[in-house]
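Throughout, numbering of the chain's residues begins at 1 and tracks the sequence. For ligands, and for the atoms within them, numbers begin at 1 and follow the listed sequence.
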Amino acid sequence: MDKLKILMVASEAGPFVRTGGLGDVMAALPSALAALGHDVKVFLPRYQEVDERLHRLQPLSRFVAVPHGGDIVEAQVLKKPRSRRGAEHFFVGHDEYFLRPELYRDPDTGEDYEDNHLRFAFFSRAVLQTVKALNWSPDIVHVHDWQAALVPVYLKTLYARDAAFANARSVLTIHNLGYQGLFEKQCFADLGLPEELFYAMTGALEFFGRVNFLKGGIALADKITTVSERYAHEIQAGEEFGFGLEGVLRDRSKDIKGILNGVDYTLWSPSRDNQIPKKYGPSNLSGKRTCRVELMNDAGLPIRDRVPLAGLITRLADQKGIDLLTEAADEIFAMNLQMIVLGTGDEEYHDKLRKLEGKYPDKLKVYLEFNDGLAHRIQAGADIFLMPSRYEPCGLNQMYALKYGTVPVVRKVGGLADTVEDYDPSAARGTGFVFEEYTSEAMLEALSRALEVFAGRRKWGKVMKTGMSRDFSWGRSAREYSEFFATAISVDQPAGTRT
Ligand code: ADP
């Protein structure tokens with residue numbers, strides 16, 4: 001396998017700054033690729049939240065000039081040197097854009113920042129300008145989600161004849177098609193792109209009269225991936241999962257591949273997890289009991305051994321199926337079930353969950369915050385992990401849950417369908433409980449099947465252990481990316497000829 005120079009561009013990456021699954025993927029995939037011998041440079045915005053001292057970031061000695069909004073704007077770039085066999089990280093600074101309390105939206109209004117198109121257009125061009133300043137010529141430019149989707153667009157247009165990118169092939173990974181980077185049409189003029197990219201019907205970025213960053217990336221990246229095989233099919237099949245981009249995706253069908261995310265088992269394994277009260281593994285599950293007792297004590301829930309505890313850790317967004325939960329709350333809590341929810345997001349869900357907590361104080365505990373340690377303790381302490389998602393590109397939590405012996409109850413969509421095997425009582429096989437219809441009845445039916453098996457302790461133990469034995473480590477995903485990059489390189493069309 002050829003060793004590649006890989007430029008990775010994303011809007012978040014653990015451990016520096018992370019709001020969800022993208023941050024987890026970007027924490028692990030670059031080093032998994034570096035471990036295969038590739039030379040990986042990761043670019044992120046330099047947000048307020050990035051702790052420069054802790055991570056020992058150093059300023060680049062060069063000044064990076066970025067053409068932006070008809071002007072030349074300076075980017076202050078910081079670097080974190082490569083750790084042994086790891087990736088190198090760069091942080092693109094422009095205080096006016098990135099020194100803000102949150103990454104994407106104004107916490108006061110709850111709305112997206114009004115200048116997000118400027119922020120991420122600047123970021124994308126600043127990345128390319130910095131790469132040039134470093135005299136580095138990547139083979140692969142791997143960009144993630146709408147925030148970085150303009151990078152392939154710039155590569156195919158303004159940088160088409162740039163020697164630094166002469167060999168570069170671009171790969172766009174879609175982590176969630178529900179977020180496309182949609183802006184009003186007047187924003188297009190700020191991007192510095194050729195006008196034809198916004199012509200009605202034919203323009204790569206034009207989407208029903210608005211500007212769509214992700215659509216531009218889908219049209220112009222050399223290759224596209226998404227984060228599970230099933231999601232790769234779902235997004236092309238129709239509007240339900242394609243959100244209006246299904247046609248554009250179908251046009252690129254032969255260049256799209258689903259590659260399941262991996263799990264960083266150094267962070268997410270009950271046998272190594274320093275954030276849980278007691279470590280445990282499949283051959284010694286007694287620690288899980290300690291984790292359960294402490295979790296429930298902290299939550300102020302009465303400990304009932306015969307009543308399963310369900311955990312839910314999630315962004316509180318429509319995607320996650322929280323409405324199924326709130327709609328069916330009376331039925332759920334009429335069942336023999338307790339629940340702990342950890343999440344932040346839409347105010348509407350905060351209110352509904354707070355009300356439910358008031359109504360069922362000995363059955364439901366709600367934490368409306370982002371708390372990584374607590375996420376680990378819930379994974380370890382719960383019996384069931386609930387993910388009733390409307391759609392789920394990959395989903396990491398259900399894979400973490402499997403490792404912690406916390407049996408997932410999930411909807412059969414995207415990565416959930418690809419990673420959780422529905423329990424078959426006749427063969428006593430499976431790793432979780434899966435339902436198809438997006439209805440609270442279907443969810444309740446799966447929960448009651450889970451409760452039935454929970455009551456038969458031995459069977460439940462087998463489901464737990466089967467799940468714990470599943471392996472979704474990053475090595476496999478990184479190898480698949482590596483092979484897919486090789487197919488991108490074999491695209492013999494030079495960058496810049498497909499506009
Ligand atoms: P998504 O990317 O759609 O948010 P995933 O399941 O792929 O969903 O990944 C979510 C990641 O974010 C997991 O690592 C999960 O533990 C974490 N997470 C989500 N919400 C919270 C929260 N409120 N507190 C701590 N961690 C959270």
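- For the pair D106 and R100, the salt-bridge criterion is not met [side-chain N within less than 4.0 Å of a carboxylate O].
- Summary of contacts: the protein heavy atom closest to atom 14 (O) of ligand 1 is D24 OD2, 2.6 Å.
- Counting heavy atoms under 4.0 Å from ligand 1, residue Y367 does not touch it at all.
- Ring geometry for Y104 versus F120: interplanar angle of 30 to 60°, hence tilted.
- Interface of L342 with ligand 1, defined as ligand atoms under 4.0 Å from a residue heavy atom, comprises 22 (C), 23 (N), 24 (N), 25 (C).
- Of all atoms in ligand 1, listed by their number and element, those nearer than 4.0 Å to a heavy atom of K320 are 1 (P), 3 (O), 8 (O).
- Looking at ligand 1, you'll find an N or O of N371 within less than 3.5 Å of one of its N or O atoms.
- Ion pairing of K320 with E392 is present here, as a side-chain N (NZ or NE/NH1/NH2) and a carboxylate O approach within less than 4.0 Å.
- If you check the side chains of K257 and T487, you find no donor sitting under 3.5 Å from an acceptor.
- Residue-level proximity to ligand 1 for L374 is absent, since no heavy atom of it falls below 4.0 angstrom.
- Each of the atoms 1 (P), 2 (O), 4 (O), 7 (O), 9 (O), 10 (C), 11 (C) of ligand 1 lies under 4.0 Å from some heavy atom of G21.
- The aromatic rings of H89 and F16 sit tilted, their planes meeting at an angle between 30° and 60°.
- For atom 4 (O) of ligand 1, the nearest non-hydrogen atom of the protein is R315 NE, 2.8 Å.
- Numbered from 1 in the order shown, with element, the atoms of ligand 1 that lie under 4.0 Å from a heavy atom of E369 read 22 (C), 23 (N), 24 (N).
- Closest protein heavy atom to atom 16 (O) of ligand 1: N397 OD1, 3.3 Å.
- Taking a cutoff of 4.0 Å between a charged side-chain nitrogen and a carboxylate oxygen, K403 and D273 do not qualify as a salt bridge.
- Atom NZ of K278 has 12 or fewer neighbouring heavy atoms from other residues, nucleotides or ligands inside a 6.0 Å radius.
- Counting heavy atoms under 4.0 Å from ligand 1, residue R18 touches it through the side chain alone.
- Using a cutoff of 4.0 Å between basic side-chain nitrogens and carboxylate oxygens, D372 and R18 are scored as salt-bridged.
- Using a 4.0 Å heavy-atom cutoff, C394 is absent from the residues neighbouring ligand 1.
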